[in-house]
Q: 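The structure that follows is given in the form of structure tokens.
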Amino acid sequence: MDQVNGSVVTEFVLLGLTQSLGMQVFLFLFFSLFYVGIILGNLFIMLTMIFDSHLHSPMYILLANLSFIDLGLSSTTVPRMIFDLFSGCKIISFHNCMIQMFFIHVMGGAELVVLIAMAYDRYTAICKPLHYLTTMNPKMCMLLIVAAWIIGVIHAVSQFVFVINLPFCGPNNVGSFYCDFPRVIKLACMDTYSLEFVVTANSGFISMGTFFFLIVSYIFILITVRQHSAKNLSKAFITLSAHITVVVLFFTPCMFLYVWPFPTKSMDKFFAIVDFVITPLLNPAIYTLRNRDMKVAMRRLIRQVVSSREIP
Ligand SMILES: *[C@@H]1O[C@H](CO)[C@@H](O)[C@H](O)[C@H]1NC(C)=O
């Protein structure tokens, strides 16, 4: 038994979402289907971007990176959850639990920065069109992506250091389908009030701050578009409403997971499903189905694949 700083708990129990067998079968089908969709949809966006030189603009480079992060974020929890639905004891080792929390926050932090980068890209394109090519150059894109990952790691580490050394002496029931800071901290056998504040301040206020910042930015961009012409408005509105939908969907669960002060702790796991299963699938759907460039590029890619198959 490996002991971590005198604690006796070496594994946690994940209660999962439901105890009823019928519900478990339904969830198994639902999550399996969605996860396959997440893999295919996001891979498709990344491949389309990489192989189609027409899409090598900042907006699509950022979108492809968002797809990569979405796929990663979803993979931190969903495969395990699907597997756990049919295993009798849903036990996760202390280390795997820590690793899971760490990667959830690396990916989540990176996603947050990429969403800001995408808003900044649209802001420059729409409000400062003359400077767009000089501001959003490939170097800037690279910089934003590198910054996203660095900030993701800092965000995760800055919470992780407080949790890794906590004493756990039981109970060890996490009560959700995955490990995350707010729930795991509650299991420590010491007064965790200040730690809960650290997590709320870090994950909660940062995500809420980003949320309001993004919404205000998009409103500002929309107002700017409106001052120009009605024709531009409808086209920009389609792009922007896609971005706004993603932002609202992504951040609403964050609010319930990290900020909501009232004891709705049995509900938060259902909100978490949105971030791990719904938004990663919706991103490809929203961005591709409503975007003409992307549709044209996909047709081109499919044609290339088909014609390369015909000519051996
Ligand atoms: C993410 O962004 C980088 C830097 O701009 C780019 O080179 C890379 O192709 C993007 N990643 C994906 C998966 O498209």
Side-chain angles (χ1 to χ4, degrees), residues 34-79 103-126 128-129 131-156 210 214 217 239 242-243 246-247 249-250 275-305 308:
F34 269 58
Y35 191 57
V36 170
I38 289 167
I39 294 175
L40 295 181
N42 287 302
L43 273 184
F44 203 58
I45 290 196
M46 285 188 267
L47 293 179
T48 313
M49 206 294 291
I50 289 168
F51 289 112
D52 194 321
S53 54
H54 300 262
L55 294 185
H56 286 177
S57 68
M59 186 166 119
Y60 295 107
I61 291 175
L62 293 174
L63 176 60
N65 275 278
L66 185 69
S67 275
F68 179 74
I69 294 171
D70 271 340
L71 187 54
L73 187 63
S74 179
S75 301
T76 56
T77 54
V78 178
F103 279 105
I104 287 173
H105 284 267
V106 172
M107 304 280 177
E111 170 133 1
L112 217 115
V113 179
V114 170
L115 289 175
I116 294 176
M118 291 176 84
Y120 179 66
D121 170 70
R122 285 304 85 203
Y123 165 77
T124 324
I126 291 170
K128 302 251 186 293
H131 301 285
Y132 184 66
L133 288 180
T134 46
T135 317
M136 287 304 290
N137 50 28
K139 217 170 124 196
M140 182 64 166
C141 262
M142 183 66 94
L143 203 74
L144 288 169
I145 297 301
V146 171
W149 285 102
I150 292 176
I151 290 173
V153 170
I154 293 174
H155 166 70
T210 310
L214 285 173
S217 309
T239 314
H243 287 218
V246 168
V247 165
L249 269 176
F250 182 79
D275 270 355
F276 292 119
V277 187
I278 311 289
T279 31
L281 185 67
L282 271 187
N283 279 357
I286 291 177
Y287 285 110
T288 50
L289 299 182
R290 307 185 59 173
N291 186 306
R292 210 175 57 87
D293 291 343
M294 204 70 194
K295 277 191 237 171
V296 172
M298 279 180 178
R299 257 179 249 136
R300 214 158 31 217
L301 183 71
I302 291 168
R303 228 175 8 240
Q304 273 169 10
V305 170
S308 70

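Order of listing sets the numbers, starting from 1, for every ligand and every atom in it. No hydrogens, no waters, no symmetry mates; every other heavy atom, side chains included, goes into these values.
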Q: As an exercise, identify every atom of ligand 1 less than 4.0 angstrom from a heavy atom of M142.
A: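 Under 4.0 Å from M142, ligand 1 has these atoms: 4 (C), 5 (O).
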Q: Nearest non-hydrogen contact with atom 2 (O) of ligand 1 belongs to which option: N42, L144, N65, I45?
A: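 Residue with the shortest heavy-atom distance to the ligand atom: N65.
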Q: So, taking the atom named CG in D121 and the one named OH in Y60, what distance separates them when rounded to the nearest 0.5 Å?
A: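 Separation between the atoms: 10.0 Å.
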Q: Enter the distance from L43:CG to F68:CZ here, rounded to the nearest 0.5 Å.
A: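 One finds 10.0 Å between CG of L43 and CZ of F68.
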Q: Just checking Y132: does its OH atom have more than 12 heavy atoms from other residues, nucleotides or ligands closer to it than 6.0 angstrom?
A: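 Atom OH in Y132 is crowded, with more than 12 foreign heavy atoms closer than 6.0 Å.
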Q: Given I61, I69, L143, I50, which one has a non-hydrogen atom that is nearest to atom 5 (O) of ligand 1?
A: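 Closest candidate by heavy-atom distance is I61.
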Q: Of all the atoms in ligand 1, which lie at a distance below 4.0 Å from a heavy atom belonging to C141?
A: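 Taking each heavy atom of C141 in turn, ligand 1 has 5 (O) under 4.0 Å.
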Q: Provide, to 0.1 Å, the distance between atom 14 (O) of ligand 1 and the closest protein heavy atom, together with that atom's residue and name.
A: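 For atom 14 (O) of ligand 1, the nearest protein heavy atom is A64 CB, 3.1 Å.
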Q: Any atoms of ligand 1 less than 4.0 Å from a non-hydrogen atom of I145? List them with their elements.
A: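 Once the distances to I145 are compared, the set is 2 (O).
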Q: Using 0.5 Å steps for rounding, measure from the CG atom of L66 to the CD1 atom of I61.
A: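 If I round to the nearest 0.5 Å, the distance is 14.0 Å.
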Q: Going by distance alone, is a donor N or O of one side chain under 3.5 Å from an acceptor N or O of the other, for D70 and N283?
A: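 Looking only at side-chain atoms, N283 and D70 do form a donor-acceptor pair, the distance falling under 3.5 Å.
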Q: Between atom CE of M46 and atom CG of L71, what is the distance when rounded to the nearest 0.5 Å?
A: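 Taking CE in M46 and CG in L71, the distance rounds to 5.0 Å.
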Q: Within the 4.0 Å heavy-atom shell around M49, which atoms of ligand 1 are there?
A: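 The list of qualifying atoms is 9 (O), 14 (O).
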